[in-house]
2 protein chains.
Amino acid sequence: MSCYVYVNIRWRHVYTAPRTAVKGPSGPGTAGNDRKAADVEVDTVEEAPAELPGPAAETAGTARETTGRAPAAPRRARASASMADVARLAGVSSQTVSRVSNGYAGVTEETRRQVLAAMKELGYRPNSAARALKRGEFRTIGVITFSLSTTGNVRTLEAIATSAAAEGYAVTLLPVAVPTQDEVRGAFSRLEELAVDAVIVIMEVHLLDAATIQLPPHVQVVVVDSDAGDHYTVVDTDQHGGTRAAVRHLLDLGHRTVWHLGGPEDSFAAQRRTDAWRAALVEAGRVPPPLIRGDWSADSGYRAGLELAARDDCTAVFAANDQMALGLLRALHERGRRVPDDVSVIGFDDIPEASSFLPPLTTVHQDFAEVGRLCVQAVLRKMRQVGPERGTTLVPTRLVRRDSTAPPPRPAR
Amino acid sequence: MSCYVYVNIRWRHVYTAPRTAVKGPSGPGTAGNDRKAADVEVDTVEEAPAELPGPAAETAGTARETTGRAPAAPRRARASASMADVARLAGVSSQTVSRVSNGYAGVTEETRRQVLAAMKELGYRPNSAARALKRGEFRTIGVITFSLSTTGNVRTLEAIATSAAAEGYAVTLLPVAVPTQDEVRGAFSRLEELAVDAVIVIMEVHLLDAATIQLPPHVQVVVVDSDAGDHYTVVDTDQHGGTRAAVRHLLDLGHRTVWHLGGPEDSFAAQRRTDAWRAALVEAGRVPPPLIRGDWSADSGYRAGLELAARDDCTAVFAANDQMALGLLRALHERGRRVPDDVSVIGFDDIPEASSFLPPLTTVHQDFAEVGRLCVQAVLRKMRQVGPERGTTLVPTRLVRRDSTAPPPRPAR
DNA sequence: CTCACTGATGTTTGCGTAAACATCGAGCAC
DNA sequence: GTGCTCGATGTTTACGCAAACATCAGTGAG
């Protein structure tokens, strides 16, 4: 085995008391310590490098070091104080500063006060990059989301940010402009070199499948709004239960059947609401009318509404979200179909404006705050390896009755 | 001057060809090189540490090091590969890996390919903490926002995230739950130890004043939605121009005056819309009616609407945002006041749903995407010190005419 | 009185990267 | 051929922090 001893001599400015002349290695046979160090102290007369290379240029960088012209004292141009600076000012070692900074025990109250005073004076702030490098974690959660255009995503994001903050984590946002495989892949690859410990994905998961493989190891993923519980940890609202409650509510009012204004085809949430709507009708022995699709927007709801207004047999509509319900209400109103007298309308989401629609909208309330909270909890649990690898957590929904639903115009046929 | 030479001997595993026996310092008088290094190469016979401490435990950590039982080869339990690992596999120095990783010139195509192959095989991802530590920047922008409940904030945030991503920056979100001094201060102090290079604040700035002092140095701030251009760099929409356009529009239709449903008192944006409303009326020689205040919510608009509906002399209302306009529409409708036949209503923001209100709402369009984009540009310019320290940038607004405004019921008196 | 122990504090080291500097050969002008 | 430049690559170091380890003065048991 060929090794060599590597002797490294360097200058070092002395600002503490002189040390012992020579320190030998702690013991040649010590296991677990591969390195031996020999410190040789030497007194030198400095060569006095002129000291006049233009005083202005010399002082330009930062406050002049009080230690003077020591050749090894690096005058760095940094602006913020480091632990070493604090330590110097407080007259302690940087390790003690670290201890104070991290609230470790074993520091005298007296020392602590001095260190804190020094920190304050220098405006010291721990460098999070160094901290992250040392600790191997960033205390940051990445959130990938396809646009912030839907209430649900925004509310969830907000709750995630709040919950994460409560746990001492920051949230980094990765917007995906267009929901294509490439875009998602792009977000993930940006993520790879991003400072995050875990990821929460608020998106339809079928865009995920091919993209996920590139995720860095040890970064945990939690997915919202998906049925991929087999492969990921998923948190979602109880779409099925909420839909069922909405349909049952309309049927209980006496409607013969319930039409459905569904969300876009590529949305899992929309898919599940549609499936649940159909199942609830079948379960009640009713015939599901043809599905009408929108794209979540109020405009698409309006267009669908124009269609539905033309049909006499349509007395109840379940819209997959409140925005579409809004458009629906406008179309029905324009066509002279009164809500709820002629047609009952029910939405999904319970956006804040829903209570101010004309008429105030009966809808299914989703607790996005809870979803966000659970996401953070799940992802932290996964990081700490105390949670299950996969599986779906459902957040209950709640039917909010307002004024857009009523019994059908004629007694149920 | 008292210095000492510091001799540091350590073991080092050799994986390259042996080097020259002794390298002297490059020259004692060299200016600008404070350090002298003496490398002494020594051949040693290894003590052969048994090699059988349980093979299973030995291999458990990670893939077995190909270099074998060298005592100085640290078998770390880390999971992700570092540059050194890539370098080892590719048979180059880590610096070359760095060059490839950062796309620097001066690397042979051949070498580059090898390095890239090694990166791929090991799944290498640059460690952003180390990178940030070395480079002194995080390539991250922090965004402090008071809740994501308003469309404007959300849209702006989204645009910020997108623009930042385009510039290679990530966005870290700092929600402030309650708009109190303490909360804001808290957000800032969390921010202090957060990995951000700059901050964009989307908030009323009078909550900022007392809090800002604690910001870490060299972190630039850009503020949205404020009139504090004297102290900060501010990006905002042209509240004044938009309001003026709205008021003029109503006056031009023949309304004698325009009522105003203002936003909350503590909002700068609300304040400016109110001021501009009043100014526009005065400029036109009209008497501003009493101000009615809401809190941005549709409910508050509804309550205000009930009041206004009772007044015969109210034929035109300028609501400070679309949500309040929505509530207003409902109140007017409930009280039998037709919009726009009896009362004209105009909003502010142009939220996506505004076109689906009953009737579709005439409103002032704000280009939040542009605001976000400009925020990022401004903050990056400030970081690069090529932008002005302070001042306000205004984004134009645009009146969107829909169906909620019309001439007053009687010819103007 | 000695020694093991304890608690406060200091010293060394390495995390992964990239800047600065060093080296080394090839090509080129003289 | 000599010296020089230039391009490719290697070596050393520092970034700021905190874990691991070292030191050192008291304290109390023996």
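Per chain, numbering begins at 1; letters A, B, ... match sequence-line order.
In terms of the side-chain contact (heavy atoms from CB on, under 4.5 Å) criterion, residue partners of B/Ala165 (sequence neighbours excluded) are, by chain and number, A/Arg190. With sequence neighbours left out, the side chain to side chain donor-acceptor pair (under 3.5 Å) criterion links A/Thr140 to no other residue. Applying the side-chain contact (heavy atoms from CB on, under 4.5 Å) criterion to B/Ser163, with sequence neighbours excluded, gives B/Arg373, B/Val376. Partners of B/Glu137 under the salt bridge (charged side-chain N to carboxylate O under 4.0 Å, His left out) rule, at least two apart in sequence or in another chain, are B/Arg139. With sequence neighbours excluded, the residues that form a side-chain contact (heavy atoms from CB on, under 4.5 Å) with B/Ala132 are A/Ala129, B/Phe138. Remark: B/Arg113 pairs with B/Glu110 by the side chain to side chain donor-acceptor pair (under 3.5 Å) rule, at least two apart or across chains. For A/Thr111, the side-chain contact (heavy atoms from CB on, under 4.5 Å) test picks out A/Val92, A/Thr96, A/Val107, A/Thr108, A/Val115, with sequence neighbours left out.
With C/dG16, C/dT11, C/dA18 as the choices, the nucleotide that has an atom nearest any side-chain atom of A/Ser93 turns out to be C/dT11.
Going from atom CZ of A/Arg99 over to atom CZ of A/Arg112 covers 11.0 Å, rounded to the nearest 0.5 Å. Atoms CZ and CG, on B/Arg125 and B/Asn127 in that order, are 13.0 Å from each other to the nearest 0.5 Å. A/Ser128 contributes atom OG, which lies 10.0 Å from atom CG of B/Leu133 (distance to the nearest 0.5 angstrom). Atoms OH and CE, from B/Tyr124 and B/Met119 in turn, are 5.5 Å apart once rounded to the nearest 0.5 Å. Between the OG1 atom of A/Thr172 and the CD1 atom of A/Ile141 there is a distance of 9.5 Å, given to the nearest 0.5 Å.
Between B/Pro175 and B/Leu173, the shortest heavy-atom distance links the atoms CD-O, 3.7 Å. When all heavy atoms of A/Val171 and A/Ala164 are compared, the pair lying nearest together is CG2-CB, 3.6 Å. B/Met83 approaches B/Ser98 most closely through the heavy-atom pair CE-CB, 3.3 Å.
Atom CE of A/Met83 and atom P of C/dG10 are 12 Å apart (whole Å). One can place CG of A/Asp85 at 10 Å from P of D/dC15, the figure rounded to the nearest angstrom. B/Asn127 has its CG atom 14 Å from the C1' atom of D/dC17, to the nearest Å. D/dC17 atom C1' lies 16 Å from atom CZ of A/Arg125, rounded to whole Å. The distance between atom CZ of B/Phe138 and atom P of C/dT17, rounded to the nearest whole Å, is 16 Å. One interatomic measurement links the two molecules: CZ of A/Arg88 to C1' of D/dG16, which rounds to 13 Å at whole-angstrom precision. Between the CD atom of B/Gln95 and the P atom of D/dA14 there is a distance of 16 Å, given to the nearest Å.
For residues 114-122 of chain A, proximity to DNA chain D is found at no residue, defined as any non-hydrogen atom under 4.0 angstrom from a strand atom. Proximity of residues 129-136 of chain A to DNA chain C (heavy atom under 4.0 angstrom from any strand atom) is restricted to A/Leu133, A/Lys134. Residues from residues 101-111 of chain B lying near DNA chain C, meaning a heavy-atom separation below 4.0 Å, are B/Asn102, B/Tyr104 in numerical order.
At a cut-off of 3.5 angstrom, counting only N and O atoms as typed in the model, there is a donor on one side and an acceptor on the other between the side-chain of B/Arg99 and the base of D/dG10.
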Trace of the side chain to side chain contact (heavy atoms under 4.5 Å, CB included) decision for B/Arg131 with B/Asn102: CA-CA 11 Å; B/Arg131 212 169 238 195; B/Asn102 291 294; 3.4 Å; yes
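Comparing the end axes of the helix from C/dC1-D/dG30 to C/dC30-D/dG1, each fitted to five base pairs by superposing C1' atoms of four pairs onto the next four, gives an inter-axis angle of 60° (nearest 10 degrees).
In this structure, A/Thr96 reaches the sugar-phosphate backbone alone: every heavy-atom distance under 4.0 Å involves primed, P, OP1 or OP2 atoms, never a base.
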Provide a list of protein-nucleic acid N or O atom pairs under 3.5 angstrom, restricted to nucleotides 26-28 of chain D.
none

